[in-house]
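Take a look at the structure below.
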Amino acid sequence: MTLLAIDDITKSFAGHKALDHVTLDIRQGEFISLLGPSGCGKTTLLRTVAGFMTADKGRILIDGEDVSRLPPERRPLNTVFQNYALFPHMTVLENVAYGPRRAGLARAEAERRAEEALEMVGLAAMSRRNPAAMSGGQQQRVALARAIVNRPKLLLLDEPLSALDLQLRKRMQIELKQLQVQLGITFIFVTHDQDEAMAMSDRIAVMSAGRLEQCDAPEAIYRRPRTRFVAEFIGEANFLPLDGAGPEGVLRPEDLRVLPEGEALPPGWRGLPARVTGVTYVGGTSNIYLAAGPRELLARSYGLPPAGMTAGRTVQAGFDPANLHPLGA
Amino acid sequence: MAARLAVRALALLTLAYLALPLVVVIGGSLTETKFLSFPPQGLTLDWYRVVLHDPTYVRSFLTSAVLALAATFFALVIGLPAAIAIARHSFRGKGLLSALLLSPLVLPHIVIGAALLQYGSALGLVRNFPALLVGHVVIVTPFVLRTLLPHFSPGQRALEEASRDLGASGWTTFRLVTLPLIRPGLVSGAIFAFITSFINVELSIFNTTAALNTIPVQLFNYVQYSVDPSIAAVSALTILAAAVGIVLIDLLIGLDLLPDK
Amino acid sequence: MASARLTLFWLLALPVLVFTGFFLIPLGVVLVSSFTAPEDGLTLAHYARILLDAYHWQVIATTFRIAIFSTLICVALGYPLAWYLVRIVQLRSWRRACVILLVLPLFTSNIVRSFGWMVLLGRSGLVNDALMSLGLIDRPMRFLGTETGILIGMVYILLPFTVLTIGTALARVDRGLEQAARDLGATPARAFWSVTFPLTLHGVMAGAIIVFSMAISAYVTPALLSGGKVTVLAMLAFQQYSTVFDFHYGGALSITLLVLTLALIGLASRMTRGRTPGAGGH
């Protein structure tokens with residue numbers, strides 16, 4: 001069932017198109033990531049859904065109701081802001097109880113709800129603290145508690161983990177995902193980190209220059225990128241002609257094998273002569289950089305690089321054409 | 001190193017230069033003699049008693065205090081909405097408007113005073129309390145505006161959005177989020193406004209009379225003819241009031257005018 | 001969007017009304033009356049009276065001389081003091097005390113501040129006593145009623161402004177830049193003049209503008225310390241309003257003062273613009 005329908009949204013700033021006819025349906029209970037480089041429009045899209053911006057054209061529907069003209073406080077959703085936006089003049093408990101209070105609950109009841117939400121994020125003991133006196137990770141959890149305490153249908157998260165260090169970030173990714181499953185709330189998660197999007201999402205919407213490039217499940221995005229942009233933004237990609245000449249397809253580095261010159265290829269495989277230009281070994285995998293005529297290729301394999309694989313050596317690069325995915329399909 | 005020593009010596013001398021008149025005024029107010037003498041001869045608080053029992057001083061002091069309070073009140077009523085409009089809205093002529101509202105800071109007060117006197121005489125708004133008040137409101141409003149504006153930071157905008165996101169209306173957000181966050185600016189702006197009004201001579205001098213006088217104008221008139229320790233005592237009291245104001249601002253926003261790094 | 005316009009209207013209604021009614025229009029009235037006379041209608045006579053008269057030129061010259069010297073001395077004394085407070089003082093509490101001492105005069109009436117100097121600079125004041133006991137002079141010097149006396153009082157009142165603007169600029173200078181200059185072979189003095197000073201120039205100029213514009217329009221301090229023997233433009237203008245009641249001629253004097261102030265602010269801000277370093281300022 002569609003919870004949020006983004007219907008042909010266009011938004012310009014001073015002649016620059018920040019959102020260019022974006023249409024996207026998001027299902028109830030889904031975890032969807034908006035992924036793209038900075039300036040691609042993902043934050044603008046999120047702010048338009050939240051109600052902090054009004055689109056020039058198009059509609060936003062939640063549960064079939066057009067909310068395009070509603071102010072943020074009347075939309076059935078909440079947001080976890082990028083720098084948390086915790087009220088510095090209130091305690092943690094007051095921050096979290098702010099939403100229930102605005103919804104008309106009495107102080108005691110609002111605070112009970114807030115305690116509950118804080119418990120959910122593991123911060124029950126810290127409710128009397130001042131947010132400024134907490135670590136980044138704790139502030140992040142308070143922001144999360146504050147956003148879920150009213151049980152919104154939809155939770156928007158604007159790069160919520162970007163300020164955390166790598167370790168904490170990995171842990172929060174798992175906790176966020178668990179929380180989402182437990183609450184059954186639909187999450188829209190803005191990020192520029194492809195690994196984060198891959199690890200957490202049911203679907204990833206890749207954006208570039210205000211356009212929605214592709215929206216699919218993570219493995220589909222990786223295996224069957226529809227555009228050159230998506231192929232290059234998610235992971236690394238080799239571009240090779242589909243058959244001898246003509247349109248190009250995407251071949252992932254782990255599907256490209258480097259074989260000694262003259263060795264027979266597995267049946268059905270295609271091979272092309274190449275020269276090794278560089279070899280790196282990074283924590284468990286080896287990257288072999290190749291030049292095949294004017295084309296630069298990358299082959300990746302587990303373990304150490306094969307012996308004698310040094311720059312300047314002539315080899316053949318082979319692959320199974322079944323792994324060569326045509327763009328635009 | 002020699003340069004460093006020279007800078008240090010020059011700086012200390014300059015600080016002494018800054019302290020000297022204040023020391024003289026306070027010291028002179030404590031003298032037992034009938035004429036102003038520094039260093040004081042003997043120590044007494046008699047001159048303060050004289051001042052506090054002099055009805056003209058007391059009346060002028062009250063006039064100044066009420067005037068400064070009223071001017072501060074109106075400066076807040078005018079300055080706060082103006083600051084919100086300038087900080088949060090985009091409109092044509094914004095630069096012009098802020099220049100207009102801030103210009104009394106740099107324009108000669110004597111000219112503003114003269115202008116108000118001439119204009120006021122046509123309206124009957126002259127040599128009475130409202131005449132004093134409008135002038136003071138014009139010159140102290142810029143202080144409120146200038147102190148408030150830096151308090152509207154972009155980070156604060158995110159907090160207001162968070163409040164809206166959590167279900168608060170625009171007005172509730174202003175009351176519960178914006179206002180508490182700009183309160184330090186509001187308070188220090190008010191203190192600046194109060195003191196600026198309280199010590200003003202150039203503007204008040206056009207509209208004061210023997211019956212309606214402010215403390216600085218009265219001092220100004222006395223000082224030109226006689227110098228006795230009671231004037232030093234009044235002056236010392238205003239220095240004390242200023243020191244209280246500074247300490248208040250220091251406690252509220254931190255007087256870290258010259259940061260370390 | 002319509003509601004945003006309405007909000008804006010309510011926010012700006014009172015400020016615009018008050019400042020138009022009690023600031024713009026009064027200044028307009030002064031401007032108009034400076035160009036009119038009761039009998040002749042439109043006239044330039046008041047300005048001619050100012051500009052064609054040697055006495056007025058003398059007053060303007062005195063006003064400028066005092067303003068220029070005040071500005072120069074304020075910068076010359078303010079820079080070392082700012083340097084001392086930002087770079088030399090280590091003890092936080094001492095710096096805090098210094099800053100309070102620096103700001104305290106700003107919160108005190110001009111009268112009180114000038115009054116202190118009247119006492120100090122009098123014939124048997126502390127300054128003359130000190131100079132005589134040091135053997136520097138044999139007879140008391142006359143300070144009150146001289147430009148020197150006015151200058152001492154003016155610099156005293158205006159010095160905090162230069163110290164604060166220069167100090168703020170100085171605190172923002174990246175010390176790494178000076179170290180880089182030293183590393184490249186500059187002497188400390190060379191590093192100061194080629195790196196630090198240019199980066200604080202906008203602070204120096206900002207302070208100088210404030211001091212100059214306040215000095216040129218100052219009334220109370222010159223009036224008190226001049227003893228009626230030195231006249232500046234603001235005193236002349238005030239006389240016309242308070243004792244002569246000639247609003248037309250007084251208006252012309254006021255407008256002259258206003259134009260001089262604004263012209264100087266404009267000139268100085270044009271000079272600083274484009275020279276403001278990107279790294280130091282904001």
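Just so it is clear, the values below take in all heavy atoms, side chains as well, and ignore hydrogens, waters and symmetry mates. Letters A, B, ... are given to chains in the order of the sequence lines, protein chains preceding strands, and every chain is numbered from 1.
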Heavy-atom check, side chain of B:Asp165 versus side chain of A:Leu77, under 4.5 Å: yes
Close side-chain approach of A:Pro71 to B:Arg164, heavy-atom, < 4.5 Å: yes
For the atom pair OG (B:Ser163) and CD (A:Glu73), what is the distance rounded to the nearest 0.5 Å? 8.5 Å
Report the option among A:Ala50, A:Ala147, A:Ala85, A:Gly99 that has the most heavy-atom pairs separated by less than 4.5 Å from atoms of chain B. A:Ala85
With a 4.5 angstrom heavy-atom cut-off, which part of A:Arg74 approaches chain B: side chain, backbone, both or neither? neither
Just checking [X]: does its [atom1] atom have more than 12 heavy atoms from other residues, nucleotides or ligands closer to it than 6.0 angstrom?
X       : atom1 : result
B:Phe73 : CZ    : no
B:Lys94 : NZ    : yes
A:Phe81 : CZ    : yes
B:Tyr57 : OH    : yes

Which atom names give the shortest non-hydrogen contact between [X] and [Y], and what distance separates them?
X        : Y        : value
B:Ala168 : A:Tyr98  : CB-OH, 3.7 Å
B:Leu176 : A:His89  : O-NE2, 2.8 Å
A:Phe87  : B:Leu159 : CE2-O, 3.2 Å

